[in-house]
Amino acid sequence: MQDQPPSLFAGIEEDYLNQSQPLAARMRPARLSEFVGQQHILGEGKLLRRMIDAKRLGSIILSGPPGTGKTTLAKLLARETDAEMRTLSAVSSGVKDVREILAWATDVVASGGSRPLLFIDEIHRFSKSQQDALLPDVESGVVSLIGATTSNPFFAVNAALLSRSQLFQLESHTVVDVRRLLDRAILDSVRGLAKHQVTVTEEALDYFADASEGDARRALSALEIAVLSCSSGEAVTREVAVESLGGRLGGYDATGDDHYDLSSALIKSIRGSDVDAALYWLARMLEGGEDIRYLCRRLVILASEDVGNAEPQALVMAVSAMQACEWVGLPECQLTLSQVVAYLSLAPKSNASTLAIGNARREVRDGSLIPVPKHLKDSHYGGAKELGHGEGYHYSHDSDSGVVAQSYLGVDRSFYQPVNRGFESELADRLAEIKKQLNGQS
């Protein structure tokens, strides 16, 4: 790193130059023009850009994965609109803190000042009562709320508060975006790493950009660790980068969107018979520390819901896998999960049983209740014979075929309609023959 250009951020505020801060904090852009990525909301003509240009923000909820720039963007919004901003963290703040800031904002507006901004980080951690405390002043325009959350805002933020805010979804940075930020940090001589006599190889930078999973903060933090752990004149190689970054996964929220999105991808891939995709999503969940019992339960459900009688052995396999995983545990039970996921993915599929019980329960809920025919009623108690219970019942085993002409429902209904795939095609033929015998046609 010799003959580096001067800082790309000359003339910025002193708080950006605090060398005790982590590199990711020091490298936050000082102007919106320096903000990397998120052009789907910040590009020319986009709603958020128009709101900024008009200096009329209103209330905003910024959601997205970690390291996508939510906090940075909130600070830039205040700077670009010349608004005074107060910040709260939902992790450490309560209703009292919220009310103090709202009282301050009321005084500012009453004295003729412009509407201030209230930035609440991790707003999903606020309770319902804490979020409710914001509603009157947000609705009356006393304060412009900017909330940031890594959770799904439709689950994590009160519907009333969400309806009064514009929602903007930030996306994970692309590899190109992260690489731009890394190059910027290396070249910067004031806030960045240019003053360190350490060379960072292209292979190391490419690894940081790719393996950080779109988390710019994680990439910059790993780069700082790599550079500071090397002596003057040394090079940050790809091997050093791998050690500095640690595991590739930037985090897995086993109770949030990651959990539900990856579960959905796994189930839909198995249902769609894409074994490779299913195994990848399984691996993602295992690497993220997903609960093994949860995975087993989902596979047992899928065996009946999506495979069904097209391959009856699927349910046996799934239940056996659940028992094996309980007995064996990790890491060995990953082999069992891989086996059953591959089996379920490649098995013929049928949701006929799923549709059948749905149709039957819909009939029970919406139709007229069908009384039990007298010949099917219990006749094993005193007085049942006088009531005619069991009279006219034909014992199926008295027939050579095991089926007798007899009505078991009293009305004509057809709930189970097998598909022509796998073993269920055999059941379809048998069903057709049984219906003939029940109707006395053979």
Side-chain angles (χ1 to χ4, degrees), residues 63-67 91 122 124-125 127-128 149-157 169 172 213-215 218 246-358 361:
S63 68
V91 176
E122 306 280 350
H124 59 276
R125 295 184 182 273
S127 67
K128 184 178 184 299
T149 177
T150 56
S151 297
N152 188 327
F154 292 100
F155 297 140
V157 181
Q169 175 77 42
S172 295
E213 311 292 342
D215 187 335
R218 186 167 182 245
R248 281 184 62 99
L249 287 179
Y252 177 79
D253 182 1
T255 61
D257 283 357
D258 290 337
H259 169 80
Y260 294 108
D261 289 344
L262 291 177
S263 297
S264 177
L266 172 64
I267 297 305
K268 289 172 181 175
S269 297
I270 298 175
R271 181 184 297 144
S273 301
D274 190 331
V275 63
D276 296 314
L279 288 169
Y280 176 81
W281 300 123
L282 172 65
R284 281 281 302 274
M285 297 180 80
L286 289 173
E287 288 292 323
E290 183 57 75
D291 180 15
I292 298 301
R293 290 178 176 176
Y294 171 80
L295 286 169
C296 289
R297 288 196 300 271
R298 292 305 309 166
L299 294 176
V300 170
I301 294 168
L302 182 141
S304 292
E305 181 180 11
D306 293 303
V307 178
N309 286 326
E311 177 48 272
Q313 191 68 15
L315 181 58
V316 178
M317 285 279 290
V319 172
S320 297
M322 180 170 61
Q323 294 173 333
C325 288
E326 188 73 30
W327 292 333
V328 174
L330 285 170
E332 290 84 356
C333 76
Q334 67 178 308
L335 308 177
T336 305
L337 289 169
S338 176
Q339 178 185 357
V340 73
V341 164
Y343 186 92
L344 293 174
S345 296
L346 299 177
K349 306 296 192 297
S350 171
N351 68 342
S353 297
T354 301
L355 296 176
I357 188 61
R361 295 193 68 171

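- Counting only distance, with no hydrogens or angles, the side chain of Ser273 and the backbone of Ser345 share a donor-acceptor pair below 3.5 Å.
- Tested against Ile270, the residues Val341, Leu346, Leu279 include a single side chain to side chain contact (heavy atoms under 4.5 Å, CB included) partner, Val341.
- Applying the side-chain hydrogen bond (donor to acceptor under 3.5 Å, both in side chains) test to Tyr294 and every residue at least two apart in sequence or in another chain returns Ser263.
- The backbone N or O of Ala347 sits less than 3.5 Å from a side-chain atom of Lys349, completing a donor-acceptor pair.
- With rounding to the nearest 0.5 angstrom, the NE2 atom of His259 is 8.5 Å from the CG atom of Asp291.
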Show every donor-acceptor pair shorter than 3.5 Å between a side-chain atom in residues 311-325 and any protein atom, with sequence neighbours excluded, or say none if there are none.
| unit_1 | atom_1 | unit_2 | atom_2 | d |
| --- | --- | --- | --- | --- |
| Glu311 | OE1 | Gln313 | N | 3.0 |
| Ser320 | OG | Val316 | O | 2.8 |

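- A heavy-atom distance below 4.5 Å is not found between the side chains of Leu335 and Val328.
- No more than 12 heavy atoms of other residues, nucleotides or ligands shown are found within 6.0 angstrom of CD on Gln339.
- Counting heavy atoms from C-beta on, the side chains of Met285 and Leu295 come closer than 4.5 Å.
- Looking at residues two or more places apart in sequence or on another chain, you find no side-chain hydrogen bond (donor to acceptor under 3.5 Å, both in side chains) involving Thr354.
- Listed by first then second residue, pairs satisfying ring-ring contact (aromatic ring centres under 6.0 Å, His included) with a partner in residues 326-357 number zero, not counting sequence neighbours.
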Listing, residues 299-307 side-chain donor-acceptor contacts under 3.5 Å, not counting sequence neighbours, or none:
| unit_1 | atom_1 | unit_2 | atom_2 | d |
| --- | --- | --- | --- | --- |
| Asp306 | OD1 | Arg271 | NE | 2.9 |
| Asp306 | OD2 | Arg271 | NE | 3.3 |
| Asp306 | OD2 | Arg271 | NH2 | 3.4 |

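- Listed by chain and number, the residues in a side-chain hydrogen bond (donor to acceptor under 3.5 Å, both in side chains) with Arg293 are Glu326 (sequence neighbours excluded).
- Listed here is the closest heavy atom pair of Leu337 and Cys296: CD2-SG, 4.1 Å.
- The two residues Trp281 and Leu262 make their nearest non-hydrogen contact at CE3-CD2, 3.5 Å.
- Ser353 and Asn309 make their closest contact through OG-ND2, 3.6 Å (heavy atoms, listed as atom of the first residue, atom of the second, distance).
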